Amino acid sequence: MNSTPQAVLGGRLRAALQACNLPPERGDVTAAADTRFGDYQSNAAMILAKETRSNPRALAVQIAEKFDAGDVCDPPEIAGPGFLNFRLRPEWVSRRLRELAEDARCGVPTADKPLRIIVDFSSPNIAKPMHVGHIRSTILGDALARIARFLGHEVVADNHLGDWGTQFGKVLYGWKHLLDRAALERDPIAEMTRLYREVNALEQTDPEVHRAARQELVKLQRGDSENRAIWEQLVKLSWKEFQGVYDRLGVRFDERLGESFYDAALGPLVERLLAGGIAEISEGAVCLFFPEIPALADKPCLIRKSDGGFLYATTDLATIEYRVGRWKPDAVWYVTGAPQQLHFQQVFAAAARMGIPVRLEHVAFGSILGEDRKLMKTRSGDNVPLRDLLDEAVSRARGMIEEKNPSLSAEEKENIANVVGLGAVKYAELSQHRMSDYVFSWPKMLSLQGNTAPYLQNACVRIHSIFRKLGDDSGGAGDVTFTTKEELALARKLLQFGEVVPLVLREFRPNLLANFLFETANAFHAFYEACPVLKSEGATRRSRLVLCEASIRVLKQGLDLLGIGVPEKM
RNA sequence: GCGCCCGUAGCUCAGGGGAUAGAGCAGCGGAUUUCUAAUCCGUUGGUCGCAGGUUCAAAUCCUGCCGGGCGCGCCA
């Protein structure tokens, strides 16, 4: 059931349109751009006037006459060229807010048609450290999975690990010839990375090493038991490391089927596509050509190399087949970087040609840049390890807490540092439009001012503080009355929560939710400054406590949908 | 060469057919015997890259150009 102001007004507007013999599907209502024009507006009269070649203002009058405002809003006002403006009645806002404060879903409706959705994200490579390149996929994918779940969809979060690449030849060779057991004990990923790098360097000067490493890879692929056992070790050790990162970030997967899982399916798949005339041989490789799609016309999709090896696209197609068979999903979302857009266009086109019935979406995103506006790297030019980045976030947050609130216990400080530091990193990602490249800046994301996680968390802390002081003296159950403009503004904002959350999935835009939460926190802070809660009395006090309750619930729920926690103190 | 993405305030970015284009930061001016000032209020600041087009209405849609990023058979 959807009882957001937008849905309620929209329903009534559609009824009015019907009463005027106008098509009700034009009855969309949007939040007003400017509060001077009320809370919500509709452009229906102008759009319909154009379609029916009539006068927009006259049409607006006609619609307004049929509009049953009930107790929801004042009679609609007609303004400008034919806008219909709606101003919610405080009594109605009050009642809705009271409901929101007691609603486990904070007024967010569930999807009309629940879907089964596979979200493919994170996908780090075995035997390599997770680095900043994985952070956007991980955080964005997790947030989308959380939001989809909350909206009532069935979500399968799948981590498509890079566990079968050519890197294993090198690592296997290194493992057999250069392994430092003690180093492996201390920091497995670091040691694996060292092996990879050393062998890579050796290969440059020694063709014999190159040949030997290649041989190790072939042996692994043929199922050699020794290499297979080492590989399993690599996967196990890497996963342990990844799991540590995911635990810190609060990221969960329902499935973690890496590339290796699909290996056996690749050969038969290619043969089938060849036999079915879907793919063809060209210059010794097996390709799909898409002359009918202009963007792909001169860009073949390779699924088998001339040396018999398989490619990225091959695995992705096998993965789609498997997933469709296993889960029968309505949609699969791939949360990977924008540079892979062409690849996914090809894979999606291939899947379409294969007749696979599923909606495939590439949720692309931009790059993280350093202060120099180039891809973020360490001083030595390497990728920044994710673990180090998270450590620094927590450590910086710890410093801030130490400075601001030194009297907290060590345990509290540590807990808060984690929630604030990691929240800041996540929020910096999610508050940004996913397609834009963004400049990574510690001071900016950890600032207590502006559109940051700590700012939102601080709003929650203030509320927690009020309830702490309140103690047993509940009094939270009261009618909401608005004696100041700040109270009404906050209430109206809170009711929009249910309008914003579903919007996020329309274009995979968590930044819309982040934006809303920022505006909500902002409205709360203004309310907090203007309206004493504990010092007020009677009905006003009870009313303000309800506003606080509704605010904390919305902020907490909203942040939780972004995968961000809320401390009680900071 | 082809394709995708981006160009909005000094800086970082929202807004993706509707009203006088918005935030944050920085700048300037105010508010504190505090329910956590880690905040709030006010204010300065814009040929929405350029040029056409569609429309009653364009930052938003279309076309072309300029500038930047990325990608384009045998990596993922």
Side-chain angles (χ1 to χ4, degrees), chain A residues 30 32-34 36-37 41-43 46-47 49-50 55-56 79-83 85 123 125 162 164-167 259 282-287 289 294-313 315-316 336-343 345-346 364 366-367 369 373-375 400-401 403-405 420 431-433 435-439 441 443-444 447-452 454-455 457-459 461-470 486 507 511-512 514-515 518-519 521-522 524-536 544 548 569-570:
Chain A
T30 55
D34 188 320
R36 278 199 317 266
F37 304 127
Q41 69 177 62
S42 169
N43 307 325
M46 291 179 291
I47 294 165
K50 184 174 186 170
N55 181 300
F83 292 102
N85 291 331
S123 312
N125 292 316
W164 206 242
T166 46
Q167 75 265 33
E259 290 164 357
S282 164
E283 297 173 32
V286 178
C287 306
F289 293 96
L296 301 179
D298 56 348
K299 295 178 170 65
C301 172
L302 271 72
I303 57 170
R304 194 172 72 198
K305 300 192 279 186
S306 50
D307 70 1
F310 302 109
L311 295 109
Y312 188 22
T315 315
D316 272 356
T336 68
Q340 296 180 43
Q341 283 178 128
L342 175 60
H343 163 76
Q345 270 187 54
Q346 292 177 323
S367 314
L369 309 179
R373 301 218 109 240
K374 292 183 180 155
L375 284 183
M400 289 168 45
I401 291 148
E403 191 183 321
K404 174 64 191 171
N405 219 337
V420 172
S431 59
Q432 200 90 193
H433 186 115
M435 280 312 291
S436 51
D437 294 348
Y438 88 94
V439 177
S441 160
K444 208 163 268 182
S447 167
L448 292 313
Q449 296 160 17
N451 191 4
T452 65
Y455 175 84
Q457 289 167 327
N458 184 45
V461 163
R462 285 178 143 185
I463 301 172
H464 275 129
S465 182
I466 288 174
F467 283 116
R468 229 182 356 259
K469 292 224 159 85
L470 184 67
E486 285 83 1
E507 291 178 293
N511 71 308
L512 297 177
N515 215 12
F518 172 63
E519 287 168 2
N522 204 206
F524 174 77
H525 281 304
F527 156 80
Y528 182 90
E529 296 287 333
C531 306
V533 178
L534 296 177
K535 282 178 196 148
S536 60
R544 289 178 179 173
C548 286
K569 299 177 188 172
M570 63 191 277

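Computed from a prediction, not measured in an experiment: that's the story for all the values here.
A:N55 comes within 4.0 angstrom of no nucleic acid atom, judged by non-hydrogen atoms across all strands. Contacts of A:D437 with the nucleic acid, taken as non-hydrogen atoms under 4.0 Å apart, involve only primed sugar atoms and P, OP1 or OP2. Nucleic acid contact class of A:N458 (heavy atoms, under 4.0 Å, all strands): sugar-phosphate only. Using a 4.0 Å heavy-atom criterion, one finds that A:A338 contacts no nucleic acid atom at all. Contact annotation for A:F310: backbone-only contact, meaning every heavy-atom pair under 4.0 Å involves sugar-phosphate atoms and none involves a base. Within 4.0 Å of A:Q432, counting heavy atoms only, lie sugar-phosphate atoms of the nucleic acid but no base atom. Residue contacts shown for A:N125 are absent, as no nucleic acid heavy atom lies under 4.0 Å away. Residue A:S282 is classed as a base contact, given a heavy-atom separation below 4.0 Å to a base. Residue contacts shown for A:L302 include a base, since a base heavy atom lies under 4.0 Å away. A:M400 comes within contact range of no nucleotide atom at all, as no heavy-atom separation falls under 4.0 Å. Contact annotation for A:K50: base contact, defined as any heavy-atom pair under 4.0 Å involving a base atom. Base contact: A:A79 has a heavy atom under 4.0 Å from a base atom. Backbone-only contact: A:E259 has heavy atoms under 4.0 Å from sugar-phosphate atoms and none from a base. Within 4.0 Å of A:L342, counting heavy atoms only, lie sugar-phosphate atoms of the nucleic acid but no base atom.
The side-chain contact (heavy atoms from CB on, under 4.5 Å) search around A:T166 returns A:L217, not counting sequence neighbours.
For A:N515, counting side-chain heavy atoms from C-beta on, the closest listed nucleotide (B:A19, B:A14, B:C74) is B:A14. With B:A19, B:A38, B:C74 as the candidates, the nucleotide lying closest to the side chain of A:N405 is B:A38.
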| task | Would you check, one step at a time, whether the test salt bridge (charged side-chain N to carboxylate O under 4.0 Å, His left out) holds for A:E486 with A:R544? | result | CA-CA 11 Å; A:E486 285 83 1; A:R544 289 178 179 173; over 6 Å; no

| request: Just do the side chain to side chain contact (heavy atoms under 4.5 Å, CB included) check on A:K569 and A:R468 with the steps written out, would you? | output: CA-CA 10 Å; A:K569 299 177 188 172; A:R468 229 182 356 259; 3.7 Å; yes

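Residue A:F83 and nucleotide B:A19 are classified as a stacked aromatic pair, their ring centres being separated by less than 5.5 Å at an interplanar angle below 30°. Evaluation of A:F37 against the base of B:A19 yields a stacking contact (centre distance < 5.5 Å, interplanar angle < 30°).
Scanning atom types as modelled, no donor and acceptor separated by under 3.5 angstrom connect the side chain of A:Q340 and the base of B:A76. Not a single donor-acceptor contact under 3.5 angstrom links the side-chain atoms of A:Q341 to the base of B:G71.
Atom-to-atom, NE2 of A:H433 to C1' of B:C5 comes out at 9 Å; the value is rounded to the nearest Å.
As the counterpart of B:G16, no nucleotide is assigned, since no Watson-Crick or G-U wobble pattern has both distances under 3.5 Å.
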